[in-house]
Amino acid sequence: MSVPEGTPEFAKEVAGCAPQYVQNIGKILYTRAMIEEKVAELGATLSHEYKDKDGIVLVGLLKGVTPFMVDLARTLSVPVQLEFMGVKSYDGTESTGDVRILYDVQTDLEGKNVILIDDICDTGHTLVAVKQRLIEKNPASLRTCVLFDKKERRVHDDVQCDFVGFDCPNEFIVGYGLDFDEEYRTLPFVGVLKPSAYR
Ligand code: IMP
Ligand code: MG
């Protein structure tokens, strides 16, 4: 299901958003309501999975994870610490495969129950590289959670997303943290850009 430009539902969804962004959106794939429902569902699953633990540490990957991370964290009924890592692998719409760590976690993860979270798993380069770095910190457990899984694009067989929100189509998506050249992250829905937006 998607919401194309020019429909009443599209108009309702984009109300209040920057017109400079809205004019470049061709269709909406995930509405605010769909995202909110899915995040609550993931939160309930995680709360259940970790209910007998002392707590969890969410390690989110800047900057795309920020809306998802704060929304998800607020649905959890277990103690949660928030940590971030800054990594870069994308240039425009292309995954470069070269994952650089720009900012590392600031706390000791030894013996902690860690969940690595990101907005989207695409080729898998990022999760594989970051997971490797986190394993070296000796957490008690380490699992991964992404809101979107673009399975078709996977180049790593060994990447495992333990908790997934949506399986998403092989399209470049923006909004709810996801950017194109640092723009569109603040849109509360997730959509696909018109071809003209890339020019
Ligand atoms: P991977 O390393 O190829 O799995 O890519 C993961 C990272 O690429 C994510 O953290 C996103 O920042 C970015 N990315 C992948 N697909 C998209 C997309 O469709 N829109 C925006 N960013 C994306
Ligand atoms: Mg990212």
Side-chain angles (χ1 to χ4, degrees), residues 2-3 17-18 21-22 24-32 34-35 38-39 42 58-73 82-105 114-135 142-199:
S2 72
V3 182
C17 299
Y21 288 166
V22 171
N24 288 331
I25 303 290
K27 62 181 176 186
I28 293 169
L29 293 184
Y30 306 96
T31 63
R32 304 166 198 234
M34 288 166 75
I35 294 169
K38 189 61 80 177
V39 170
L42 278 172
L58 294 182
V59 176
L61 302 185
L62 294 170
K63 296 173 247 184
V65 82
T66 46
F68 176 42
M69 178 125 155
V70 293
D71 286 351
L72 178 69
L82 302 182
E83 284 291 330
F84 292 96
M85 284 174 78
V87 302
K88 199 154 183 69
S89 70
Y90 248 69
D91 194 13
T93 59
E94 289 307 312
S95 179
T96 62
D98 162 38
V99 181
R100 284 176 298 146
I101 311 272
L102 308 176
Y103 173 78
D104 208 348
V105 290
V114 175
I115 305 177
L116 169 60
I117 77 169
D118 203 2
D119 44 9
I120 187 166
C121 184
D122 183 32
T123 63
H125 290 310
T126 306
L127 283 189
V128 166
V130 177
K131 217 176 152 180
Q132 197 47 48
R133 285 288 283 257
L134 290 175
I135 285 169
L142 174 59
R143 293 208 270 180
T144 55
C145 173
V146 292
L147 184 55
F148 299 103
D149 190 359
K150 219 190 271 179
K151 281 211 183 76
E152 238 180 274
R153 293 251 309 157
R154 203 60 44 81
V155 298
H156 282 275
D157 297 333
D158 49 339
V159 74
Q160 200 189 333
C161 302
D162 299 303
F163 305 99
V164 174
F166 301 97
D167 281 323
C168 86
N170 186 8
E171 296 200 75
F172 191 79
I173 56 178
V174 296
Y176 200 66
L178 293 151
D179 71 306
F180 169 58
D181 280 349
E182 297 303 326
E183 304 291 348
Y184 308 101
R185 291 190 197 278
T186 52
L187 291 173
F189 54 82
V190 168
V192 177
L193 293 174
K194 297 175 185 169
S196 57
Y198 295 104
R199 273 182 228 124

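The chain is numbered in sequence order, starting from 1. All heavy atoms count here, side chains included; hydrogens, waters and symmetry mates do not. Every number for a ligand or one of its atoms is a count from 1 in the order of the listing. Remember, it's a predicted structure, so these values are computed and weren't measured experimentally.
At a 3.5 angstrom cut-off on N or O pairs, Ile173 counts as close to ligand 1. Polar contact check, Gly124 against ligand 1: a nitrogen or oxygen pair lies under 3.5 Å apart.
Between Glu152 and Pro169 there is no side-chain heavy-atom pair separated by less than 4.5 Å.
Which parts of ligand 1 touch Lys150 is read off a 4.0 Å heavy-atom cut-off, strictly below it: atoms 16 (N), 17 (C), 18 (C), 19 (O). Ligand 1 places these atoms under 4.0 Å from at least one heavy atom of Asp179: 21 (C). Shown in contact with Glu171 at under 4.0 Å from a heavy atom are these atoms of ligand 1, numbered in order with element: 19 (O).
The closest donor-acceptor contact from the side chain of Lys150 to the backbone of Thr123 lies at 3.5 Å or more, if one exists at all. Between the side chain of Arg143 and the main chain of Leu116, no donor-acceptor pair closer than 3.5 Å is present. One N or O on the side chain of Thr144 and one on the backbone of Asp162 form a donor-acceptor pair closer than 3.5 Å.
No cation-pi contact links Lys38 to Tyr30, judged by a cut-off of 6.0 Å to the six-membered ring centre and 45° from its axis.
Comparing heavy-atom distances from atom 12 (O) of ligand 1 across Asp119, Val65, Thr123, Leu61 singles out Asp119 as nearest.
Heavy atoms of Asp118 found under 4.0 angstrom from ligand 1 belong exclusively to the side chain.
Salt bridge status for Lys63 with Asp179: absent, with no side-chain N to carboxylate O gap under 4.0 Å.
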